[in-house]
Q: 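Below is the structure I would like to discuss, written out as structure tokens.
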Amino acid sequence: MMLPWRRIRRFRKTKTRTLLPALALAVAATAATPTAALATDTASDAVSGGWNNYSCKPSAQHPRPVVLVHGTFGNSVDNWLGFAPYLVQRGYCVFSLDYGQLPLVPLFHGLGPIDKSAEQLSAYVDRVLAATGAAKVDMVGHSQGGMMPRYYLKFLGGAPKVNALVGIAPTNHGTTLSGLTKLLDYFPGAGDIIAKGAPGLMDQVVGSDFLRRLNEGGDTVPGVRYTVISTKYDEVATPYRAQFLSGPNVKNVLIQDLCPTDISEHVTIGLTDGLAFHEAVNALDPEHATPTTCASDD
């Protein structure tokens, strides 16, 4: 006859094996892009779409190239199938990178340690500046991609090279994933297991060591303009107000304050939301900004 404590131990082991993969996938959704599996040749797709063209020279109207930074489980093409062409059509030189790759995991990126991903971003910015001859870039990032550049700005000397950072549904102060991350408290060691396999996931959980270091001493650095564009229907980067930044040169935008009928959630605000796109362009070119309204969805 099995003793009760052995039954409990066996039950907990079984539940842990069942929960951990599910929880890892849930945490991964902090910026998941549902179209990632559609990518084939990301470099050629981007160039044919008008971006990642290293012969592009910024114009007098748009003197800075725009670097797009995808989210967790995204890549340099799929995350930007809507917004990159939107920028190209408006005369911007647009570039996007892949970062946070794990061995033997194609297409689904943003899973590696976020500080190392920021090092990849640093090298990529230098490449874009060298190709375009520009003195600075602007950045637009979705979810992790709206937060990770802040590490580059704060710790890797990026501030002199960046004019503006626009975060669309960024995980600036971490996520509770609508409360699901609290399940980690019931399974000691579960977070360590997930962090070992995909550290970029656990780096984004509220209270992580990475986020404590990133936000210690203030959210911003001098010389950079910050814009955060959020939706109250975000089910992934939660609570949505944790996306907002504090400090000088910060503008926090709730998309429903501009259009109450906008129902975009975490993925669609970065992938297809014309209001978010319009507001992001306003942030890139504030001197020529026009009001973002429900009619801006084009």
Side-chain angles (χ1 to χ4, degrees), residues 31-58 62 64-101 105-112 114 116-132 134 136-153 158 161-171 200 227 229 267-273 276-277 280-281 283-284:
T33 304
T35 56
L38 299 179
T40 53
D41 184 343
T42 57
S44 63
D45 286 350
V47 172
S48 66
W51 82 94
N52 282 347
N53 177 1
Y54 287 89
S55 64
C56 185
K57 299 300 180 184
H62 302 303
R64 292 175 297 275
V66 180
V67 174
L68 304 180
V69 190
H70 66 74
T72 314
F73 259 18
N75 61 58
S76 60
V77 172
D78 291 343
N79 212 139
W80 305 115
L81 289 172
F83 189 55
Y86 183 94
L87 289 176
V88 170
Q89 291 168 7
R90 286 155 178 77
Y92 289 88
C93 290
V94 183
F95 301 87
S96 60
L97 78 157
D98 288 309
Y99 71 86
Q101 302 92 330
V105 182
L107 303 181
F108 300 100
H109 304 319
L111 300 172
I114 296 181
K116 299 301 180 183
S117 293
E119 293 176 6
Q120 292 180 272
L121 176 62
S122 177
Y124 190 77
V125 169
D126 289 346
R127 179 185 176 190
V128 169
L129 292 177
T132 61
K136 292 187 177 184
V137 302
D138 289 323
M139 289 185 181
V140 180
H142 180 219
S143 199
Q144 180 187 162
M147 173 271 291
M148 178 269 280
R150 293 178 48 228
Y151 189 94
Y152 163 62
L153 299 176
K161 303 175 184 179
V162 178
N163 172 68
L165 170 61
V166 182
I168 301 176
T171 52
T227 301
I229 304 171
V267 174
T268 55
I269 194 175
L271 198 63
T272 62
D273 192 329
F277 294 176
V281 168
L284 296 176

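Everything numeric here is computed off the predicted structure, so don't read it as measured data.
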Q: Could you report the tightest heavy-atom contact between M147 and P170, atom names first, then the distance?
A: N-CB, 4.1 Å
Q: Shortest non-hydrogen contact from W51 to V88?
A: CB-CG2, 4.1 Å
Q: Supply the atom-to-atom distance M139 CE to T227 OG1, rounded to the nearest 0.5 angstrom.
A: 14.0 Å
Q: Supply the atom-to-atom distance L284 CG to L87 CG, rounded to the nearest 0.5 angstrom.
A: 6.5 Å
Q: Locate the shortest heavy-atom distance separating P149 from V69; write the atom from each residue and the value.
A: CG-CG2, 4.2 Å
Q: Find the distance between CZ (R127) and CG (L129) and round it off to the nearest 0.5 Å.
A: 12.5 Å
Q: If every non-hydrogen atom of H109 is compared with every non-hydrogen atom of N75, which pair is closest and at what distance?
A: CD2-CB, 3.7 Å
Q: Do the side chain of Q144 and the main chain of T171 share a donor and acceptor less than 3.5 angstrom apart?
A: no
Q: My understanding is that only residues two or more places apart in sequence, or in another chain, count here; which of them pass side-chain contact (heavy atoms from CB on, under 4.5 Å) with A118?
A: M148, Y151, Y152, L156
Q: Roughly how far apart are L271 CG and N79 CG, rounded to 0.5 Å?
A: 7.0 Å
Q: So D98 and S76, side-chain hydrogen bond (donor to acceptor under 3.5 Å, both in side chains) or not? Walk me through it.
A: CA-CA 5 Å; D98 288 309; S76 60; 3.2 Å; yes
Q: Could you tell me which residues satisfy side-chain hydrogen bond (donor to acceptor under 3.5 Å, both in side chains) with Y99, sequence neighbours excluded, listed by chain and number?
A: none
Q: Please identify each residue that fulfils side-chain contact (heavy atoms from CB on, under 4.5 Å) with K57, with sequence neighbours left out.
A: none
Q: Using the ring of each side chain (for Trp, its six-membered ring), is F73 parallel, tilted or perpendicular to F108, with breaks at 30° and 60°?
A: tilted
Q: Using the side-chain contact (heavy atoms from CB on, under 4.5 Å) rule, take T268 and D273 through it: C-alpha gap first, then chi angles, then the decisive distance, then the call.
A: CA-CA 6 Å; T268 55; D273 192 329; 5.8 Å; no
Q: With sequence neighbours left out, what residues match S122 under side-chain hydrogen bond (donor to acceptor under 3.5 Å, both in side chains)?
A: none
Q: How long is the straight-line distance from OH of Y86 back to CH2 of W80, given to the nearest 0.5 Å?
A: 13.5 Å
Q: Is there a donor-acceptor pair under 3.5 Å between the side chain of N52 and the backbone N or O of S96?
A: yes
Q: What residues, two or more places apart in sequence or in another chain, satisfy side-chain hydrogen bond (donor to acceptor under 3.5 Å, both in side chains) together with D138?
A: R64, N163
Q: Go through the structure and list residues passing side-chain hydrogen bond (donor to acceptor under 3.5 Å, both in side chains) with K161, not counting sequence neighbours.
A: D126
Q: By side-chain contact (heavy atoms from CB on, under 4.5 Å), which residues pair with T132, not counting sequence neighbours?
A: P58, P65, F95, V128, A134
Q: Please report the interatomic distance CZ(F83) to CD1(I269), rounded to the nearest 0.5 Å.
A: 11.5 Å
